[in-house]
Amino acid sequence: QVQLVESGGRLVQAGGSLRLSCAASGRTFSSYRMGWFRQAPGKEREFVATISWNGGSTDYVDSVKGRFTISRDNTKNTIYLQMNSLKPEDTAVYYCAATITLFPTRTENDYIYWGQGTQVTVSA
């Protein structure tokens, strides 16, 4: 069992930066591939980024490539999402999630543990 708690979301102006954190409970955190998803108002939840258990493999949705960076610190049971050059279209609730899948996956159903989400609002 893994419990996930996101933090760091807030209101920010376009062009600004934010770093989201996701703290995990459980001794097996380093066994999981982790991901970030987001859900904008009135839209389906979408994949944002994923990182392998050791941080050696990452994958991003095209709309955030070059602006967002996913990372993890297994000594702190925490993953991060550094978001730069934010745009109003990045406004969403951001969720972290964990999967036992070894290969990179963007499929929501592959992720078995989810946090409650943190709100990111980017003003124009």
Show me the side-chain donor-acceptor pairs of residues 42-50 shorter than 3.5 Å, one per line, residues at least two apart or across chains.
{"residue": "R45", "atom": "NE", "partner": "E108", "partner atom": "OE2", "Å": "3.2"}
{"residue": "R45", "atom": "NH2", "partner": "E108", "partner atom": "OE2", "Å": "2.8"}
{"residue": "E46", "atom": "OE2", "partner": "R38", "partner atom": "NE", "Å": "2.6"}
{"residue": "E46", "atom": "OE2", "partner": "R38", "partner atom": "NH2", "Å": "3.1"}
{"residue": "T50", "atom": "OG1", "partner": "R33", "partner atom": "NH1", "Å": "3.2"}
{"residue": "T50", "atom": "OG1", "partner": "M34", "partner atom": "O", "Å": "2.8"}
{"residue": "T50", "atom": "OG1", "partner": "Y111", "partner atom": "OH", "Å": "3.1"}

- Step by step, work out the side chain to side chain contact (heavy atoms under 4.5 Å, CB included) result for C22 and W36. CA-CA 9 Å; C22 173; W36 285 98; 3.8 Å; yes
- Query: Would M83 and L20 count as a side chain to side chain contact (heavy atoms under 4.5 Å, CB included) if you check the C-alpha gap in whole Å, the side-chain angles of each, and the deciding distance to 0.1 Å?
  - Reply: CA-CA 8 Å; M83 305 187 295; L20 305 183; 3.7 Å; yes
- Is it the case that more than 12 heavy atoms not belonging to I100 sit under 6.0 Å from its CD1 atom? no
- Taking atom NZ of K76 as the centre, report whether more than 12 heavy atoms of other residues, nucleotides or ligands fall under 6.0 Å from it. no
- Note on the structure: Tightest non-hydrogen contact, residues S17 and Q82, listed as CB-NE2, 4.0 Å
- State, to 0.1 Å, how close Y95 and G115 come at their nearest heavy-atom pair, and which atoms those are. CD2-O, 3.6 Å
- Message: Could you go through T99 and Y32, starting from their C-alpha distance and side-chain angles, then the distance that decides it, and tell me whether this counts as side chain to side chain contact (heavy atoms under 4.5 Å, CB included)?
- Response: CA-CA 6 Å; T99 177; Y32 293 90; 6.0 Å; no
- Note on the structure: The reported gap from SG in C96 to CH2 in W114 (rounded to nearest 0.5 angstrom) is 9.0 Å
- Ignoring hydrogens and angles, tell me if any N or O in the side chain of Q39 forms a donor-acceptor pair with the backbone of V93 under 3.5 Å. no
- Query: Where the side chain of N77 meets the backbone of G26, is there a donor-acceptor pair that is under 3.5 Å apart?
  - Reply: yes
- Distance from I51 atom CD1 to S71 atom OG, nearest 0.5 Å? 6.0 Å
- Rounded to the nearest 0.5 Å, how far does OG of S21 lie from CD1 of I79? 9.0 Å
- Message: Let me confirm one number: the OG-CG distance from S30 to D73, rounded to the nearest 0.5 Å.
- Response: 11.5 Å
- Atom of D59, atom of P104 and distance for their closest heavy-atom approach: CB-CB, 4.4 Å
- Query: Do V2 and Y80 share a hydrophobic cluster (ILVMFWY, side-chain heavy atoms under 4.5 Å, transitive)?
  - Reply: no
- Step by step, would you call L86 with L18 a side chain to side chain contact (heavy atoms under 4.5 Å, CB included)? CA-CA 8 Å; L86 282 161; L18 277 180; 4.1 Å; yes
- Message: Looking only at the side chains, is there a donor atom on one of N109 and T107 sitting less than 3.5 Å from an acceptor on the other?
- Response: no
- Item | From OG (S63) to CD (E89), nearest 0.5 Å | 8.5 Å
- Query: Same hydrophobic cluster for V5 and Y94, using side-chain heavy-atom links shorter than 4.5 Å among ILVMFWY?
  - Reply: no
- Item | From S85 atom OG to F68 atom CZ, the distance as rounded to the nearest 0.5 Å | 9.0 Å
- Task: Considering non-hydrogen atoms only, spot the tightest contact between A14 and P88 and give its length.
- Result: CB-CD, 4.1 Å
- Query: Any donor and acceptor pair, going by atom type alone, linking the side chain of T121 with main-chain N or O of L11 inside 3.5 Å?
  - Reply: no
- Any chance you could lay out the salt bridge (Lys or Arg N to Asp or Glu O under 4.0 Å) test for D90 and K87, step after step, and finish with the verdict? CA-CA 5 Å; D90 294 319; K87 305 175 181 180; over 6 Å; no
- Message: Contact between Q119 and T91 at the side-chain level, heavy atoms closer than 4.5 Å - yes or no?
- Response: yes
- May I ask you to check whether over 12 heavy atoms, not counting those of Q3, lie within 6.0 Å of atom CD? no
- W53, CH2 atom: more than 12 neighbouring heavy atoms under 6.0 Å: no
